Amino acid sequence: GKCPVCGMEMVEVGGGGGAGGERRIAISETARRLAEIQTAPVERKFVAADGRMVGKVDFDETTRRTISAWVPGRLDRLFVDYTGVRVQAGDEMVKLFSPELISAQEEFLQALRSAEEVERSGLAPIRETARSTVAAARARLRNLGLAAEQVADLERAGHPSDHVILRAPISGVVVHKNVKEGMYVQKGTPLYTIADLSIVWVKLDAYESDLAWIRYGQEVTFTTEAVAGRAFTGRIAFIDPVLDDRTRTVKVRVNVPNPDGLLKPDVFVRARVQSRIAADGKVMDAALAGKWISPRHPEIVKDGPGVCDKCGIALVRAEDLGYVAVDPDRARPPLVIPASAALRTGTRAVVYVEVEAGVFEGREVVLGPRAGDHYLVRDGLAEGERVAVNGAFKIDSAVQIRAGPSMMNPPGEEEPTAAGGPQTHCPVMGGAIVRDVFLDHEGKRIYFCCPPCIDKFKAAPEKYLAALRAAGVVLEDAPR
């Protein structure tokens with residue numbers, strides 16, 4: 001007959017289940033062509049995962065420095081009077097008048113004169129005491145913010161300076177100016193914030209589904225419209241341990257050299273991280289195979305154990321961070337299937353395996369993460385088996401029509417019609433009933449999904465009535 005939905009000529013499926021097992025179905029060559037079923041082998045091969053991320057450029061927090069007042073006083077001059085100025089280490093920033101500093105200079109000069117006078121003394125303890133006094137006075141000046149060169153200049157001049165010059169501790173850009181000329185400040189008042197932009201951080205948002213392939217130390221490539229036509233690279237230095245529950249993303253930080261200053265803070269970027277996957281979901285990176293890496297500075301990589309050249313922390317093995325321990329050429333490939341082969345429900349995954357020519361078996365499998373156009377297989381399939389990669393859903397629909405276990409109806413689940421309830425599904429094909437398609441039989445009204453099912457019911461009514469009774473279906477009384 002014809003399908004009541006689309007009007008196409010219906011074809012026989014399954015051959016009555018003779019292929020063996022309720023999970024199996026035989027597909028004729030005609031039906032196979034109509035359903036456009038194609039298969040592919042389960043194989044071991046290396047696959048690549050391509051993760052896309054977006055984010056912004058930010059300051060390197062470890063290079064930001066604050067210039068603050070070491071002593072209370074008055075700001076008589078600001079050599080840097082607006083933000084954005086680029087300064088070099090040692091540049092003059094502020095001219096500060098401080099009575100406390102003048103007093104400390106006087107004490108230092110007095111200690112020097114006293115030390116010179118007792119040097120001619122024959123008493124060694126007196127000379128040592130004088131030298132200790134000079135050292136203490138010098139240390140106090142250093143603690144009040146004077147550089148060693150400024151203390152040396154004071155010693156040569158022999159008289160105190162009524163102002164002290166505060167200098168830039170690092171080279172960089174002034175990103176905050178908190179004071180104005182003529183202000184009085186207290187000890188500890190922040191004056192400027194300087195950021196070194198020769199290295200910047202790129203903070204990216206990694207999607208939850210990509211976290212399986214993101215590793216500390218991985219190389220990331222990104223572009224920005226602010227510098228069109230140029231790609232930048234850096235290595236992942238930090239992966240946030242907490243997921244943002246609003247965006248379902250995790251912050252990933254990349255350290256990027258910026259010697260030319262082309263990358264500006266808050267510039268928008270688009271990034272890409274590519275991972276070549278081996279068995280057990282490990283990532284292959286030829287530059288890190290068998291290496292030791294700093295857990296805080298991913299650019300520090302060594303051939304053996306040791307300590308980081310920058311922070312002194314012990315290096316860790318790259319394989320402890322999820323990388324392949326051996327040379328990638330000798331790594332074991334993962335077992336994979338094309339992504340189109342898996343029918344996923346959210347809690348289960350079903351694939352249809354061609355166990356023999358024209359016979360497909362539905363099989364629940366345990367899948368790993370998706371890598372590009374493939375899924376990693378954890379359990380349920382063997383290398384060399386062939387799975388349906390096109391038309392799998394049509395095969396599953398045919399199994400559902402036969403009331404067999406399928407993607408949406410796994411083995412062991414109850415029948416679609418609840419026990420003790422009214423009829424909701426066709427007793428022949430198992431599909432949803434159509435209220436206009438029915439048959440009055442022995443005083444009861446029985447509904448079907450399509451007219452051809454009525455003919456099949458008439459051929460063996462007791463068979464289908466027994467199935468309805470077993471399911472606890474309460475049939476309607478036929479009108480008289």
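It should be emphasised that the depicted structure is a prediction, and the values quoted were computed from it without experimental measurement. Note: hydrogens, waters and symmetry copies are ignored here, and every other heavy atom, side chains too, is used.
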Does the side chain of Leu197 reach to within under 4.5 Å of the side chain of Pro265, using non-hydrogen atoms?
yes
Using salt bridge (Lys or Arg N to Asp or Glu O under 4.0 Å), reason through Arg77 and Glu92 one step at a time and then give a plain yes or no.
CA-CA 10 Å; Arg77 183 175 180 185; Glu92 296 180 344; over 6 Å; no
Taking 4.0 angstrom as the limit, do [X] and [Y] come out as a salt bridge?
X: Arg363; Y: Glu385; value: yes
X: Arg253; Y: Glu61; value: no
X: Glu128; Y: Arg131; value: yes
X: Glu319; Y: Lys282; value: no
X: Asp50; Y: Arg52; value: yes

Residues which pass side chain to side chain contact (heavy atoms under 4.5 Å, CB included) with Val301, listed by chain and number, not counting sequence neighbours
Leu288, Lys291, Ile293
Any residue meeting salt bridge (Lys or Arg N to Asp or Glu O under 4.0 Å) with Asp91, in chain and number order, not counting sequence neighbours:
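So Asp91 forms no salt bridge (Lys or Arg N to Asp or Glu O under 4.0 Å) with any residue.
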Would you confirm whether [X], through its side chain, and [Y], through its main-chain N or O, come within 3.5 Å as a donor-acceptor pair?
X: Asp309; Y: Ile300; answer: no
X: Arg386; Y: Thr39; answer: yes
X: Thr221; Y: Thr233; answer: no

Would you tell me whether Gln105 and Ser161 have side-chain atoms, one donor and one acceptor, within less than 3.5 Å of each other?
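Looking only at side-chain atoms, Ser161 and Gln105 do not form any donor-acceptor pair under 3.5 Å.
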Looking only at side-chain N and O atoms, does Asp303 offer a donor or acceptor that is under 3.5 Å from a partner on Trp292?
no
